[in-house]
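Read the numbers this way: they start at 1 and go in the same order the structure lists the ligands and their atoms. Excluded from the calculations below are hydrogen atoms, water molecules and symmetry mates; all remaining heavy atoms, backbone and side chain alike, are included.
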Amino acid sequence: NADLAMYRAKATLGENLCFFQHGMDETARQRRQLAADLRHAVDRGELSLLYQPQRSLHTGQLSAYEALLRWHHPTRGLVPPDDFIPIAEENGEIIRIGEWVLREACREARKWQSTIKIAVNLSPVQFLQPGLVETLREILVETGLSPSRLELEITETAIISDKLRALHCLRQIKSMGVSVAIDDFGTGYSSLDTLHSFPFDKIKIDKSFMSRAEHSNQARAIIRAVLALGRSLQIPVLAEGVETEKQLAVLRDEGCDEAQGYLFGRPAAPPREREDASEPARTASATGN
Ligand code: C2E
Ligand code: MG
Ligand code: MG
Ligand code: MG
């Protein structure tokens, strides 16, 4: 009976829609809850930083540690940055959180050997915020860290929305002696022209290219192209997400300058306070990622 079949189909569709709707409500509710919880994260001491080494492939030396944010939620446990940073950007909390990250990272780096830099990720919201330069100045004075030891990592998203403003921000930061790297390069929409007119100190090739480098000629071609670009603009290139010896061999072949990834060390607790803070502490929290 055609009517009955139609009736059943409609009923099923209705149920599915209802389920779908419920799923959406639940996701929205969870997001609102996380956003509310995030407002107390700094004050309640729920944030921490892990540090991942970056190595020079020319000298083998440790050149920097990148600070990576972790949120220890009281009931949900560890929430990864990709899950809460977009929420913090939406509700504005990223400004306070970002300031906490900068202060904490600079304070920590002050304890290390003076040749090692600290790399700190900056949200586009934070980068384009009017008070950033003053905040940076205050934090550097307060922690006593030399500006030359701080490197900020920004993504292409931070520069494409308003190029003039971004260029102004970048110049101000650089005039303080702080360096700036472009992160996740190759995944955004910036043109070669943009890269040329922005005085970056480092290009970080996105880890998605590394994961495909061993098997995909295309990924390898992109890595090669970015390296050529870096050479012609005289900007050092770092490869992210290096996990295997094979990948490292590819990078050496192509003449990559620096690398970062599980092969060299996972994000881990702050390096111990020894004279040459040359290795990250391999504590249990290395599993934090
Ligand atoms: P990112 O800055 O590109 O950081 C690299 C990410 O790759 C980190 O993820 C790191 O743990 C992971 N990673 C490192 N080596 C490897 C590897 O060999 N293989 C693989 N598969 N992954 C590797 P994490 O810590 O989850 O951070 C994700 C993103 O969250 C970061 O990407 C960054 O965009 C953002 N983020 C982290 N900390 C902060 C922060 O303090 N402020 C802001 N605004 N964003 C942050
Ligand atoms: Mg980064
Ligand atoms: Mg990256
Ligand atoms: Mg990233």
Task: Nearest heavy-atom neighbours spanning A259 and L251 - done: CB-CD1, 4.4 Å
- [ ] May I ask you to identify, for N121, whether its side chain, its backbone, both or neither come under 4.0 Å of ligand 1 on a heavy-atom basis?
- [x] both
- [ ] For P267, counting its heavy atoms only, list the atoms of ligand 1 lying under 4.0 Å from any of them.
- [x] 11 (O)
Open item on the list: With heavy-atom distances below 4.0 Å as the criterion, list the atoms of ligand 1 near S123.
Closed with: 44 (N)
Open item on the list: Check this for me, if you would: do R96 and E99 make a salt bridge, where the nitrogen-to-carboxylate-oxygen distance has to be below 4.0 angstrom?
Closed with: no
Open item on the list: At under 4.0 Å between heavy atoms, is it the side chain or the backbone of M210 that contacts ligand 1, or both, or neither?
Closed with: neither
Open item on the list: Looking only at N, O or S atoms, which one in D183 sits nearest to the Mg ion (ligand 3)?
Closed with: OD1
TODO: Report the part of R70 (side chain from C-beta onward, or backbone N, CA, C, O) that has a heavy atom under 4.0 Å from ligand 1; answer both or neither where that applies.
DONE: side chain
Task: Atom of D184 nearest the Mg ion (ligand 3) (restricted to N/O/S, atom name only) - done: OD1
TODO: Look at ligand 1 and say whether G241 reaches it with a heavy atom at a distance under 4.0 Å.
DONE: yes
Task: Identity of the N, O or S atom of E240 lying closest to the Mg ion (ligand 3) - done: OE2
Task: Per-atom contacts, ligand 1 versus Q52 - under 4.0 Å to a heavy atom - done: 14 (C), 15 (N)
TODO: May I ask you to check whether L69 has an N/O atom sitting below 3.5 Å from an N/O atom of ligand 1?
DONE: yes
TODO: Please could you name the atoms of ligand 1 that D184 approaches to less than 4.0 Å, counting only its heavy atoms?
DONE: 3 (O)
Open item on the list: Once you restrict to heavy atoms under 4.0 Å, what part of R266 touches ligand 1? Side chain, backbone, both or neither.
Closed with: neither
TODO: Could you tell me whether D183 and ligand 1 have an N or O pair separated by under 3.5 Å?
DONE: yes
- [ ] Report the part of I97 (side chain from C-beta onward, or backbone N, CA, C, O) that has a heavy atom under 4.0 Å from ligand 1; answer both or neither where that applies.
- [x] neither
Open item on the list: Nearest 10°: the angle subtended at the Mg ion (ligand 2) by E153 OE1 and N121 OD1?
Closed with: 90°
Open item on the list: Does only the side chain of Q260 get under 4.0 Å from ligand 1, or the backbone, or both, or neither? Count heavy atoms.
Closed with: neither
Open item on the list: Let me check something: do L150 and F127 share a hydrophobic cluster, defined by ILVMFWY side-chain heavy atoms less than 4.5 Å apart, either directly or through other members?
Closed with: yes
